[in-house]
Number of protein chains: 2
Amino acid sequence: MTDKDNAVFNTFQQAPNLRSNLADMLTARIESGDLKPGQRLPTEQAIMTATGVSRTIVREALATLRAKGLITTRQGLGAFVSNDPTPRSFSIIPNDLQSIDEVLRVLELRMGVECEAAGLAALRRTQEDIDRMQDRLDDLDKALEEGGYGAQEDYAFHRSILVATQNSYYGRLFDTFGNIMVPRQWARLDKMTAAERKRHAARMRREHHAIFTAIRDGEEAAARRAIRTHLSKSAARFEELRDATA
Amino acid sequence: MTDKDNAVFNTFQQAPNLRSNLADMLTARIESGDLKPGQRLPTEQAIMTATGVSRTIVREALATLRAKGLITTRQGLGAFVSNDPTPRSFSIIPNDLQSIDEVLRVLELRMGVECEAAGLAALRRTQEDIDRMQDRLDDLDKALEEGGYGAQEDYAFHRSILVATQNSYYGRLFDTFGNIMVPRQWARLDKMTAAERKRHAARMRREHHAIFTAIRDGEEAAARRAIRTHLSKSAARFEELRDATA
DNA sequence: GACTCCAAACTTGTCGTACAACTATGTAAC
DNA sequence: GTTACATAGTTGTACGACAAGTTTGGAGTC
């Protein structure tokens, strides 16, 4: 292994645990084409010395890649990048549900998808779409009034926006986000006082109504702005949560 | 297992190693409902004594399940069966009959994804990313000079942008677009004269270079604009194609 | 020279121990 | 009753050792 190869390994920043970091890095190297299909990976020893982690970690990271189908290993031979490392289907697997970083990355993806979708929805929504969005919004309001977090209802409302694009790909893609966006696991991390809960509910209502009215009235730019604001604030709140627990 | 049994399995090189066996066993227990969502798995020690394998094996098996999203682990607490062990996946299956409409819908989706990605890439790209994008751009230029359509190279360049976001979800999602975005099937519909081809090549080069320089120079807004323009014009061209063949 | 055989080196698979980091729980002190 | 802390239990990480599979190169034979 050359120095240049080593340099790639040294660039991982601190995060939840060593195994995930190493697995992410190796995954990135494969997906970026740095390691090509059929090519042999560095030996476990080489990865150990390059990254400074123990063989235990290296092996668990390789087990992760193997489970994802990115590599295959053969005893006495080594590990090899799979022939078709680019899967034709996309799915979000809740790797570390406690890892807020994961949620933030998904939120980044949602930002792109939903902003465009909101714009399209504002241009194309039918009366039926508007009614459906209104219903979901009512459900959400009701859930918040009853003191719940409304995560499920929030998700359903967002989905109704995607449906209104009249482009089924948007809705189908959004379905994959549900796996990680149901925040039951970290709900307990997020202990809000009654006052905070109330403020949170008011903010949610305000932001969602802004999105809804923009789409209903066919205001494309406003719809984009509104949903970007909403998702940005959600992300910011998750970041606070992470920093608070760190 | 007898030798005869092994003979049956020799066709696929699935090794009879302890890790796979244990992982399969645990997977079966989860999928059969023996271990219910949210329920805690036995401790690593318990699995060790119950199965007789070492902790190394247990941990690698658990790493496999975690990669598949079947369980989540938390230090000091234990491993738990995931709430939604059946991840939904997103894929694009090309439909030959209305393929151009199909492409237009996918382009709409790409619009959202890639605009956001270009913005993120402008903020986060590393020198390595810049080099990779430059290489892909050179490949594309070369393909166009040689009189090809450069569809493959175009796709590779776009992918390098997604990689530069440092958010692997973007790259993984983009891979699903490849199914329909390699336009071999309608290339023959698209007979350009030499002059048209030249104009097309010049346009492609101009638009791609605009995207590249914006990302390289860290200009977020310009990157978004450039890629939106590029995809809009691509979509317009596909629409012309559809109307011409209809 | 060409071939066979085998020993050595290398790599992954498995085992064992030890300690660090994190969590929950119960107990003592206030 | 509440807080602080000690403790036990669990996962995360490190290190060393040997087993099992694969390749390579050299010794020996024809």
Side-chain angles (χ1 to χ4, degrees), chain A residues 1 5 9 12 14-26 35 38-67 70-82 95-101 185-186 188-189 191 242 244-246, chain B residues 1 3 6 9-10 13-26 35 38-67 70-82:
Chain A
M1 182 181 289
D5 288 331
F9 286 111
F12 65 148
Q14 59 208 350
N17 54 37
L18 297 177
R19 169 183 39 73
S20 298
N21 285 341
L22 182 55
D24 284 349
M25 175 198 315
L26 290 172
L35 292 168
Q39 188 175 342
R40 195 180 138 186
L41 270 71
T43 66
E44 295 176 356
Q45 277 296 335
I47 298 177
M48 282 172 64
T49 57
T51 60
V53 301
S54 72
R55 196 174 163 217
T56 307
I57 300 304
V58 174
R59 285 194 59 78
E60 286 189 24
L62 291 179
T64 298
L65 296 207
R66 190 170 32 222
L70 265 63
I71 64 170
T72 58
T73 58
R74 288 181 59 191
Q75 183 173 180
L77 254 174
F80 300 84
V81 180
S82 298
N95 282 330
D96 273 314
L97 283 182
Q98 85 269 27
S99 148
I100 297 179
D101 289 330
Q185 315 50 292
W186 54 73
R188 54 175 201 82
L189 294 178
K191 289 169 188 142
R242 178 187 54 186
T245 57
Chain B
M1 187 180 282
D3 288 337
N6 278 330
F9 293 108
N10 282 344
Q13 50 193 26
Q14 203 58 305
N17 53 28
L18 298 177
R19 169 181 34 75
S20 300
N21 289 340
L22 180 55
D24 288 347
M25 188 193 102
L26 290 172
L35 292 168
Q39 188 176 343
R40 193 180 140 184
L41 271 71
T43 66
E44 296 176 356
Q45 279 294 336
I47 298 177
M48 282 171 64
T49 56
T51 60
V53 299
S54 72
R55 194 173 165 215
T56 306
I57 301 304
V58 174
R59 284 193 60 79
E60 287 189 22
L62 292 180
T64 299
L65 297 207
R66 189 169 33 220
L70 265 61
I71 65 169
T72 60
T73 58
R74 291 183 58 192
Q75 185 173 185
L77 255 174
F80 300 84
V81 179
S82 297

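Because the structure is predicted, anything quoted here is derived from the model rather than measured. Residue numbers start from 1 in every chain, and the chains themselves are labelled A, B, ... in the order their sequence lines are given, proteins ahead of strands.
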Between Ser82(A) (side chain) and Leu70(A) (backbone), is there a donor-acceptor pair under 3.5 Å? yes
Calculate the interatomic distance between Arg55(A) atom CZ and dC15(D) atom P; express it in whole Å. 13 Å
Could you please name the option among dT11(D), dT11(C), dC15(C) that lies closest to any side-chain atom of Thr43(A)? dT11(C)
What is the distance, rounded to the nearest whole Å, between atom CD of Glu60(B) and atom C1' of dG12(D)? 14 Å
Roughly how many Å is it from CE in Met48(B) to C1' in dC15(C), rounded to a whole number? 9 Å
Which nucleotide sits closest to the side chain of Gln75(A): dG12(D), dT11(D), dT12(C)? dT12(C)
Arg59(A) CZ to dA14(D) C1', straight-line distance once rounded to whole Å: 15 Å
Among the nucleotides dG12(D), dT14(C), dT22(D), whichever has the atom closest to the side chain of Thr56(B) is dT14(C)
Side chains of Arg66(A) and Thr73(A), donor plus acceptor under 3.5 Å: yes
Can you tell me how far C1' of dA19(D) sits from CD1 of Ile57(B), to the nearest Å? 12 Å
Here the distance between atom P of dT12(C) and atom CG of Leu18(B), to the nearest Å, is 18 Å
Looking only at heavy atoms, the pair that brings Ile71(B) and Ala79(B) closest together is CD1-CB, 4.3 Å
Separation of dC15(C) P from Glu44(B) CD (nearest whole Å): 14 Å
Length of the CG-P vector between Leu65(A) and dT12(C), whole Å: 13 Å
With the side chain defined as heavy atoms from C-beta on, Leu77(B) is closest, among dG12(D), dG13(C), dT23(C), to dT23(C)
Does the pair Thr64(B) and Thr64(A) meet the rule for a side-chain contact (heavy atoms from CB on, under 4.5 Å), with working shown? CA-CA 5 Å; Thr64(B) 299; Thr64(A) 298; over 6 Å; no
